[in-house]
Undergrad: 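There's a structure below that I have some questions on.
Just the heavy atoms: all of them, side chains too, but no hydrogens, waters or symmetry mates, feed the values below.
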Amino acid sequence: MNETTTGYERFYNRELSWLDFDDRILSEARDTSIPLMERLKFLSITSSNLDEFFMVRVASLKDQVNVGYKGLDIAGMTARQQIEAILEYTHDFADRQYSTYNRSLLPTLKQNGLKIISYHEDLNEEQSEYVDKFFRSEVFPVLTPMAVDSSRPFPLIRNKYLNIGALLQDKKNKDNVDFATVQVPSGLPRVVTIPTDEDGCSTVILLEQIIEKNIRRLFTGYKVLCATPYRVMRNADLPFDEDEAADLLVEIEKQLKRRQWGEPIRLEVEAGIDKQLLKVLKRELPINEESIYRIHGPLDLTFLMKVYGLDGFDHLKEKPFTPQQPKYLEPDRDLFEQIREHDILLHHPYETFDPVVKFIATAAADPDVLAIKQTLYRVSSHSPIIASLAAAAENGKQVSVLVELKARFDEENNIVWARKLEEAGAHVIYGLVGLKTHSKITLVVRREEDGIRRYVHLATGNYNDSTAKLYTDMGIFTAKRTYGEDATAVFNMLSGYSEPLGWNKLTLAPQWLRDRFLELINREAIHAAKGHPARIIAKMNSLCDKEVIEALYDASAKGVEIDLIIRGICCLKAGVPGLSDNIRVRSIVGTFLEHSRIFFFENDGSPEVYMGSADWMPRNLDKRVEILFPVEDPTLKADVIEILNIQLSDTKKARIMQPDGRYEKVDMRGKKPLGAQETFCSLAMKNAKKGHN
């Protein structure tokens with residue numbers, strides 16, 4: 001069966017599409033029109049993104065190869081073919097990361113009064129003495145050098161941790177050469193400020209450089225032949241059988257410990273590493289040659305976020321934006337009263353997340369509130385929402401919280417919070433077997449003069465007060481009866497086995513959401529075929545569901561105009577003659593992480609607008625509890641449509657997918673410069689100013 005008959009050429013590979021997204025972030029780091037410190041931040045993000053990509057996506061593909069899985073992905077590639085393509089892409093990507101760091105960022109930092117220095121370079125006498133003293137007093141007591149010989153086996157090299165490997169020659173027996181390793185302590189700051197140089201430049205050095213300079217002090221009696229930093233990435237997926245797990249919380253705790261023992265996926269070493277030293281690492285880890293990345297610079301560029309935080313360089317950053325008072329809320333009035341009067345739209349981070357925090361805190365303290373129910377996927381490490389839920393339970397209110405223990409890389413944090421809530425007397429549900437609960441919903445049940453009233457908050461993003469300052473998300477408050485009834489039904493489903501006969505307003509995955517999206521897309525196709533107004537605008541993080549993409553292709557063929565605003569993965573091909581002539585795809589990469597999911601359907605001149613927690617991905621539609629909710633208030637609906645239109649008008653940060661899959665910046669001919677995120681900041685400040693007046 002050839003490629004044409006299978007239809008694989010109609011789709012892009014998911015993993016390579018994700019790497020293209022990280023490449024768009026890298027292009028921000030390379031953009032000299034962006035403030036210097038912001039460019040450092042973008043380069044740091046590419047590094048942390050790539051780490052997670054290897055630990056999860058590449059690891060999953062390697063698992064498929066290891067078990068002999070022969071299936072093809074949406075683009076017709078085997079797991080082995082995908083790994084080969086990924087390794088080729090990421091080796092080139094790493095070269096471009098470090099070219100950006102070495103050839104652009106370091107010299108420009110130096111020009112602006114900041115040096116990131118290596119001990120290999122000329123430390124002046126004062127700096128050298130400072131570094132050695134810092135090593136003796138602060139670093140040496142923490143280090144645990146580990147030699148490998150006949151009596152001491154090769155130690156566990158932990159996932160993502162930075163290490164220094166060395167070859168040691170016994171001074172008494174020069175024929176005896178051993179391997180030793182020392183873990184760079186994560187509890188100490190990696191970026192260390194040292195005395196300024198003769199030019200008065202602020203100067204920093206990395207912790208591993210300080211250790212490397214003084215490594216001979218760790219191995220007295222031996223000659224250190226060579227020493228080089230290295231880092232290994234391991235398979236960080238948590239495979240376990242939920243059906244067989246007697247206690248999900250205990251089982252996940254066990255698996256978290258095993259994460260450090262996962263199969264090595266990638267090894268980073270400094271370029272120029274001694275061949276014998278590398279041979280030891282390859283043998284002991286073990287890892288193959290194509291998974292070794294020889295780095296021309298410091299390993300793990302996430303340290304640049306620490307450099308970004310150094311004092312004295314605010315002039316090299318974007319002016320920080322302060323989230324504003326929401327347009328539809330009066331801060332000095334009772335929150336419940338305002339929600340009763342009208343639905344309230346929130347647009348984060350342009351509008352502050354504080355009303356959501358206040359909503360829970362007010363409910364916890366209100367003697368008329370009988371119950372609070374909430375789903376939690378990712379929360380901050382010092383969550384005020386958790387504190388309010390615990391206080392509510394201690395106040396005798398019925399508090400039911402679904403804490404998703406399977407939220408990747410947040411498992412430990414969520415376990416801590418789940419136990420805290422249980423100790424306070426809350427009823428905690430640890431997710432559902434076989435599904436992740438990714439929906440964002442809160443229900444407050446309150447006794448009022450005219451009876452019981454339900455207040456609902458629905459959102460596109462997590463109940464996380466920290467990321468709400470960095471991610472673009474949307475939410476609504478409503479006291480409408482229909483939403484309250486549906487919210488009650490949602491929590492009854494999550495806590496028991498009660499499935500409603502129907503829904504008033506909400507649509508949930510995994511049972512109903514896929515069909516609902518297909519129905520909405522196909523309805524536009526029918527309108528277009530009849531010559532009626534038909535258009536789709538959809539904003540999300542990722543699009544890789546084959547059935548949804550096929551429905552979009554069909555709608556395009558029937559004349560539906562389709563605009564997709566997709567931050568990351570997109571397996572759909574846009575603007576391909578005869579396939580997707582009427583489909584346009586744009587990705588916006590800016591100061592804030594685009595995270596909201598918004599869906600507009602023209603519906604023959606009677607537009608419908610929805611928001612929700614789900615992307616158009618198989619995992620969201622088939623393997624998660626997700627919620628889609630309509631925005632029905634005419635004023636709020638108009639606001640959401642305007643938000644979409646502003647994003648479609650972005651000429652500064654938008655990149656447009658070309659028929660060959662490349663993303664290019666907007667052609668500025670005949671267009672005015674417009675940045676959507678800048679515009680939303682300005683609008684939020686303007687609306688807040690009106691509110692104060």
Undergrad: With distance as the sole test, does Trp616 use its side chain to make a donor-acceptor pair with the main-chain N or O of Ile549 at under 3.5 Å?
TA: no
Undergrad: Can you list everything that forms a ring-ring contact (aromatic ring centres under 6.0 Å, His included) with Phe303? Sequence neighbours excluded, please.
TA: none
Undergrad: Can you find a pair of side-chain heavy atoms, one from Ser186 and one from Val184, that are under 4.5 Å apart?
TA: no
Undergrad: Keeping the roles fixed (side chain from Asn159, backbone from Gly262), state whether a donor-acceptor pair exists under 3.5 Å.
TA: no
Undergrad: Return yes if some donor-acceptor pair links the side-chain N/O of Asn414 with the main-chain N/O of Tyr377 below 3.5 Å, else return no.
TA: yes
Undergrad: Apply side-chain hydrogen bond (donor to acceptor under 3.5 Å, both in side chains) to Ser587 and list each qualifying residue two or more places apart in sequence or on a separate chain.
TA: Arg24
Undergrad: Enumerate the residue pairs fulfilling salt bridge (charged side-chain N to carboxylate O under 4.0 Å, His left out) with a member in residues 281-292, sequence neighbours excluded, ordered by first and then second residue.
TA: Lys282-Glu289, Glu289-Arg294
Undergrad: Is any side-chain heavy atom of Ser202 less than 4.5 Å from a side-chain heavy atom of Phe313?
TA: yes
Undergrad: So, Arg266 and Thr90: side-chain donor and acceptor under 3.5 Å apart, yes or no?
TA: no
Undergrad: Within the supplied structure, the quantity of interest is the number of heavy atoms (other residues, nucleotides, ligands) at a distance under 6.0 Å from Tyr230 OH; does it exceed 12?
TA: yes
Undergrad: In the structure I gave you, are the side-chain heavy atoms of Ile157 and Arg234 within less than 4.5 Å of one another anywhere?
TA: yes
Undergrad: So, Asp615 side chain and Asn541 main chain: donor-acceptor pair closer than 3.5 Å or not?
TA: yes
Undergrad: What is the ring orientation for Tyr293 with Phe54, classed by angle as parallel under 30°, tilted 30 to 60°, or perpendicular over 60°?
TA: perpendicular
Undergrad: Can we say Asp51 and Arg231 salt-bridge, meaning some charged N sits less than 4.0 Å from an Asp/Glu carboxylate O?
TA: yes
Undergrad: For residues 57-74, pull every pair meeting salt bridge (charged side-chain N to carboxylate O under 4.0 Å, His left out), keeping only residues two or more places apart or in separate chains.
TA: Glu15-Arg57
Undergrad: Please examine the side chains of Ile656 and Arg586, heavy atoms only from C-beta on, and report whether any two atoms are closer than 4.5 Å.
TA: yes
Undergrad: For Ser99, what residues pass the side chain to side chain contact (heavy atoms under 4.5 Å, CB included) criterion, not counting sequence neighbours?
TA: Arg103
Undergrad: Donor-acceptor check, side chain of Tyr98 to backbone of Pro298, threshold 3.5 angstrom: yes or no?
TA: yes
Undergrad: Could you tell me whether the side chain of Leu593 reaches within less than 4.5 Å of the side chain of Leu470, counting heavy atoms only?
TA: no
Undergrad: Among residues at least two apart in sequence or on other chains, which ones pass side chain to side chain contact (heavy atoms under 4.5 Å, CB included) with Asp311?
TA: none
Undergrad: Assess whether atom NE2 of His315 is packed by more than 12 heavy atoms of other residues, nucleotides or ligands within 6.0 Å.
TA: yes
Undergrad: Would you say Glu664 has more than 12 foreign heavy atoms packed within less than 6.0 Å of its CD?
TA: yes
Undergrad: Could you tell me which residues satisfy side chain to side chain contact (heavy atoms under 4.5 Å, CB included) with Glu138, sequence neighbours excluded, listed by chain and number?
TA: Phe134
Undergrad: Can you name the residues that form a side-chain hydrogen bond (donor to acceptor under 3.5 Å, both in side chains) with Arg619, not counting sequence neighbours?
TA: none
Undergrad: I need the full list of side-chain hydrogen bond (donor to acceptor under 3.5 Å, both in side chains) pairs touching residues 297-309, with sequence neighbours left out, sorted by first then second residue.
TA: Glu38-Tyr308, Asp300-Thr302
Undergrad: What residues, two or more places apart in sequence or in another chain, satisfy side-chain hydrogen bond (donor to acceptor under 3.5 Å, both in side chains) together with Lys213?
TA: Ser128, Asp132
Undergrad: Hey, does the side chain of Thr78 reach the backbone of Leu72 with a donor-acceptor pair shorter than 3.5 angstrom?
TA: no
Undergrad: Name all pairs fulfilling the salt bridge (charged side-chain N to carboxylate O under 4.0 Å, His left out) condition that reach into residues 75-94, sequence neighbours left out, sorted by first residue then second.
TA: Asp92-Arg96
Undergrad: Could you list the residues that satisfy side-chain hydrogen bond (donor to acceptor under 3.5 Å, both in side chains) with Glu28, not counting sequence neighbours?
TA: Lys653, Arg655
Undergrad: Should Met305 and Ser48 count as side-chain neighbours, where that means a heavy-atom distance under 4.5 Å?
TA: no
